Amino acid sequence: MAALSKSIPHNCYEIGHTWHPSCRVSFLQITGGALEESLKIYAPLYLIAAILRKRKLDYYLHKLLPEILQSASFLTANGALFMAFFCILRKILGKFYSWSPGFGAALPASYVAILIERKSRRGLLTIYMANLVLLFCITAAMYMFFFRCKDGLKGFTFSALRFIVGKEEIPTHSFSPEAAYAKVEQKREQLEEKPRRMSMIGLLRKLVDSVCKHGPRHRCCKHYEDNCISYCIKGFIRMFSVGYLIQCCLRIPSAFRHLFTQPSRLISLFYNKENFQLGAFLGSFVSIYKGTSCFLRWIRNLDDELHAIIAGFLAGMSMMFYKSTTISMYLASKLVETMYFKGIEAGKVPYFPHADTIIYSISTAICFQAAVMEVQTLRPSYWKFLLRLTKGKFAVMNRKVLDVFGTDASKHFQDFIPRLDPRYTTVTPELPAEFS
């Protein structure tokens, strides 16, 4: 571990923004690049979320763009303010210490940035877990348990899970099974009376119905329109389609950039491996959860909220199809947040004002400290994200100078020596190999 008292006299140009000697110009360049990437991330994300939540036209006209800009500004500020505080700290301290180029600059930057984001999106962040699938299994088990409990989940989380697994898995309904069954029969009779055109989806539904026509349904199951086998298969097909379409939509901007130069790349928009991986993840999650729930109702002859823990845990194995640290960590952090506020409501946990903001700031600062001083300890996905956000500028820091702190900062950058202008340096710069 680097000694906290050790310091080096180099200025911010020599270590941080080696591509330009001006702090102001470097800050503007980082800001522009980060804003561009942030918009690419949040624009399709919010648009897809709005479609899935069936937002009305008023939302698209008045709220969609402001929400995209707010979240994009938060992410942009996180990267740009890091550069700003990097330079400010150097001017205040007069030198660099082991903690200042990473943790010291990132802590105030991330704190200010998170205040820009909407409060509903300020999730609690935790350090990366070693076993991603196991973490997701545990998280999914707890989420599904709260989903099945009365007043367990509220707001967007409840709506999202209801969309994914269906309202049939909600334990309480305002109508009796007999009344619901009568309504289903009445609906079927009406559909039989009216001729309708068979679309591809209609043909697929008819095929599934014919395959699962004689399957059983337990009396405790609330999916009155389907038997248990059909219920699971239709759940898989529905969410596989959603996952496939989401991934296709996310790839549209990059595909259309090469529309005229490489038209063949448009084919990969529909036949890309990641499209099917996300579809398999969502489809298998729903089908495993529904299948396990039905199975437990059959063997126990009752519908119990505790079934959701087992079903959710087994459904979490679907993460093997689409291993995403982002999804797993975000859901885990939101679960911690949910449990924390439930503890406050029950009077068993003290309330700490701005706890989410503080934890986010410290967590982000730790990650930035690692990104500066010990890149080898970061997950590759997070390092790639930082490079994308800064247009590759995070990789051109002068880490050879930081090796004095004993963290092997230049371990993966042995061949990189920045071309510094001696007029703006405090220490005579090392020349690249071609000039030595």
Side-chain angles (χ1 to χ4, degrees), residues 12-13 15-51 59-90 101-102 104-123 125 246 249-259 325-326 329-330 356-357 360-361 363-365 367-369 371-372 378 381-397:
C12 48
Y13 165 55
I15 294 181
H17 47 89
T18 59
W19 63 90
H20 199 284
S22 171
C23 298
R24 184 178 302 174
V25 172
S26 300
F27 169 76
L28 292 176
Q29 290 176 342
I30 290 289
T31 302
L35 179 60
E36 179 184 342
E37 291 301 321
S38 299
L39 290 173
K40 288 180 181 178
I41 292 171
Y42 282 111
L45 182 66
Y46 274 80
L47 182 59
I48 293 171
I51 294 172
Y59 173 82
Y60 292 94
L61 294 177
H62 302 103
K63 293 184 179 180
L64 178 61
L65 184 58
E67 288 185 2
I68 292 174
L69 292 177
Q70 186 173 6
S71 291
S73 298
F74 146 71
L75 193 56
T76 301
N78 230 146
L81 291 179
F82 171 75
M83 188 79 267
F85 282 106
F86 184 94
C87 298
I88 291 172
L89 268 180
R90 170 58 179 82
L107 184 63
S110 56
Y111 184 83
V112 174
I114 195 63
L115 294 178
I116 299 174
E117 182 60 288
R118 289 184 298 146
K119 189 169 180 61
S120 60
R121 288 181 52 83
R122 298 178 192 174
L125 300 181
I246 288 175
C249 291
L250 291 175
R251 296 180 63 84
I252 286 176
S254 60
F256 274 92
R257 282 206 306 266
H258 305 278
L259 177 62
T325 300
T326 303
M329 291 308 305
Y330 176 76
D356 53 352
T357 304
Y360 171 82
S361 303
S363 301
T364 305
C367 289
F368 270 75
Q369 175 73 5
V372 174
L378 277 182
S381 58
Y382 189 72
W383 174 242
K384 289 179 182 178
F385 170 72
L386 289 177
L387 291 180
R388 178 184 174 186
L389 189 64
T390 61
K391 295 290 186 180
K393 290 183 172 58
F394 222 126
V396 297
M397 294 183 71

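Being a predicted model, the structure only gives us computed values, none of them experimental.
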query = Yes or no on side chain to side chain contact (heavy atoms under 4.5 Å, CB included) for F85 and L107, after CA distance, side-chain angles and deciding distance?
reply = CA-CA 9 Å; F85 282 106; L107 184 63; over 6 Å; no
request  = Begin from the C-alpha positions of I41 and F385 and carry the test side chain to side chain contact (heavy atoms under 4.5 Å, CB included) through to its verdict.
outcome  = CA-CA 11 Å; I41 292 171; F385 170 72; 3.9 Å; yes
ask   = Between K393 and M83, is a side chain to side chain contact (heavy atoms under 4.5 Å, CB included) present by the stated rule, with each step listed?
value = CA-CA 11 Å; K393 290 183 172 58; M83 188 79 267; over 6 Å; no
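In this structure, the side chains of R388 and K384 stay at 4.5 Å or more apart for every pair of heavy atoms. Side-chain contact check for Y13 versus R90: every heavy-atom pair is 4.5 Å or farther apart. Side chains of Y42 and L69 form no contact here, defined as non-hydrogen atoms less than 4.5 Å apart. When side chains are defined from C-beta on, L81 does not count as touching S110, because their heavy atoms never get closer than 4.5 Å.
The nearest pair of heavy atoms linking I30 to G79 is CG2-O, 3.8 Å. Of all heavy-atom pairs spanning A105 and A109, the tightest one is O-CB, 3.4 Å. Smallest separation of non-hydrogen atoms from A365 and A106: CA-CB, 3.6 Å. Residue S38 comes nearest to A34 through the heavy atom pair OG-O, 2.6 Å, listed as atom of the first residue, atom of the second, then distance. Between A371 and L386 the shortest heavy-atom distance is CB-CD1, 3.6 Å.
Under the 3.5 Å distance criterion, the side-chain polar atoms of T18 are matched with a main-chain donor or acceptor of V396.
In summary, the side chains of Q70 and Y46 do not present any donor paired with an acceptor at a separation below 3.5 Å, with no hydrogens or angles considered.
Interatomic distance, Q369 CD to L378 CG, rounded to the nearest 0.5 Å: 10.5 Å. In this structure, SG on C87 lies 11.0 Å from CD1 on I15, to the nearest 0.5 angstrom. With rounding to the nearest 0.5 angstrom, the OG atom of S73 is 8.0 Å from the CG atom of L39. With values rounded to the nearest 0.5 angstrom, W383 atom CH2 is found 4.5 Å from L387 atom CG. Considering OG1 of T76 and CD1 of I116, their distance stands at 8.5 Å, rounded to 0.5 Å. Here I114 contributes atom CD1 and L75 contributes atom CG; the two are 10.0 Å apart, rounded to the nearest 0.5 Å.
Taking the six-membered ring where tryptophan is involved, the planes of H17 and W19 are perpendicular, since the angle between them exceeds 60° and thus also 30°. Taking the six-membered ring for Trp and thresholds of 30 and 60 degrees, F82 and F394 have nearly parallel ring planes, at less than 30 degrees apart.
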